[in-house]
Amino acid sequence: MERYAMIVAGFGFRTGATPESLRDALGRAGGQADRVATLADKAASEAFRAFAASYHVTKVKPEALRDVRTATHSTQSRTVRQTGSVAEACALAAAGPNARLLAPRVISHDRLATCALAQVTPAGDDT
């Protein structure tokens with residue numbers, strides 16, 4: 001029986017980000033995701049809603065980020081959101097306890113959005 005590994009793209013972004021900023025960040029991260037995730041307060045933004053219209057969206061509560069270990073560390077993210085990387089922490093939190101980052105976050109060309117991909121493999125699959 002073939003098992004399926006789900007990929008979650010986590011996003012952090014500034015107020016001025018556009019759908020293109022988010023698309024570019026996803027493309028730079030690898031371009032493929034089964035779900036997208038961001039902070040609950042950011043998910044309502046017009047840019048994110050337009051970008052994520054064709055995805056299942058997970059809205060991550062800010063308090064869920066505090067215990068997530070991230071590969072990168074932004075002073076801004078640490079100060080404002082109590083995590084090293086909003087994108088990495090959102091991806092990991094949304095993917096669940098057995099998730100792992102595929103790579104550190106990437107930054108969009110306009111520097112307004114970040115994206116990180118996390119993968120979770122169904123229980124019992126050791127790949």
Side-chain angles (χ1 to χ4, degrees):
M1 172 184 239
E2 185 174 327
R3 296 185 183 262
Y4 176 69
M6 179 180 63
I7 296 177
V8 178
F11 289 89
F13 56 96
R14 297 177 186 254
T15 302
T18 64
E20 292 75 28
S21 305
L22 297 160
R23 273 192 286 280
D24 181 63
L26 177 59
R28 289 170 183 252
Q32 299 291 344
D34 301 299
R35 297 173 175 241
V36 296
T38 195
L39 288 165
D41 60 318
K42 293 287 208 169
S45 79
E46 188 174 319
F48 189 78
R49 286 184 305 144
F51 161 75
S54 63
Y55 290 98
H56 174 82
V57 175
T58 300
K59 299 173 187 176
V60 179
K61 294 180 180 178
E63 58 271 15
L65 303 186
R66 291 190 184 119
D67 295 326
V68 178
R69 297 184 76 186
T70 60
T72 64
H73 302 280
S74 158
T75 302
Q76 178 76 10
S77 290
R78 178 67 59 203
T79 301
V80 177
R81 298 295 185 163
Q82 292 75 52
T83 186
S85 166
V86 170
E88 292 172 11
C90 281
L92 289 165
N98 296 322
R100 65 178 179 85
L101 281 178
L102 295 177
R105 68 185 161 108
V106 297
I107 303 170
S108 64
H109 72 285
D110 61 8
R111 305 196 57 79
L112 296 176
T114 59
C115 179
L117 302 180
Q119 180 179 35
V120 62
T121 304
D125 190 348
D126 57 359
T127 55

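What's counted below: heavy atoms across the whole structure, side chains too, no hydrogens, waters or symmetry copies. All figures in this text were calculated on a predicted structure; none of them were measured in a lab.
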(request) Carefully, step by step, assess Val8 and Thr58 under the rule side-chain contact (heavy atoms from CB on, under 4.5 Å). (result) CA-CA 9 Å; Val8 178; Thr58 300; 5.8 Å; no
(message) Suppose we screen for salt bridge (Lys or Arg N to Asp or Glu O under 4.0 Å). Which residues come up paired with Arg111, at least two apart in sequence or across chains?
(response) none
(request) For Glu63, check side-chain contact (heavy atoms from CB on, under 4.5 Å) against everything at least two apart and list the hits. (result) Lys61, Arg66
(request) List in chain and number order the residues that pass side chain to side chain donor-acceptor pair (under 3.5 Å) with Ser21, two or more places apart in sequence or in another chain; answer none if no residue qualifies. (result) Thr18, Asp110
(request) Give, for atom CD of Glu88 and atom OG of Ser74, the distance between the pair rounded to the nearest 0.5 Å. (result) 10.0 Å
(request) Could you note down all residue pairs passing ring-ring contact (aromatic ring centres under 6.0 Å, His included) where residues 9-45 supplies at least one of them, sequence neighbours left out? (result) Phe11-Phe51, Phe13-Phe48
(message) Going by side-chain contact (heavy atoms from CB on, under 4.5 Å), name the residues that satisfy it together with Ala29, two or more places apart in sequence or in a different chain.
(response) Val106, Cys115, Leu117
(request) Taking the side chain as every heavy atom from C-beta outward, state whether Leu65 and Thr70 have any atom pair closer than 4.5 Å. (result) no
(message) Quick check: closest heavy atoms across Ala17 and Ala47, and the distance to 0.1 Å?
(response) O-CB, 3.2 Å
(request) Quick one: closest heavy-atom pair of Ala89 and Val68, and the distance? (result) CA-CG1, 3.7 Å
(message) Using the salt bridge (Lys or Arg N to Asp or Glu O under 4.0 Å) criterion, which residues pair with Arg14? Sequence neighbours excluded.
(response) none
(request) May I ask you to test the His109-Arg28 pair for a side-chain heavy-atom distance under 4.5 Å? (result) yes
(request) Give, for atom OG1 of Thr114 and atom CG of Leu22, the distance between the pair rounded to the nearest 0.5 Å. (result) 9.0 Å
(message) If I take atom CZ from residue Arg35 and atom CD1 from residue Ile7, how far apart are they, to the nearest 0.5 angstrom?
(response) 13.0 Å
(request) Could you tell me which non-hydrogen atom of Ala91 sits nearest to which non-hydrogen atom of Gly10, and how far apart they are? (result) CB-N, 3.5 Å
(message) How close do Ala43 and Arg49 get, counting heavy atoms only, and between which atoms?
(response) O-CG, 3.4 Å
(message) Minimum heavy-atom separation for Ala94 and Val60, please, with both atom names.
(response) CB-CG2, 4.3 Å
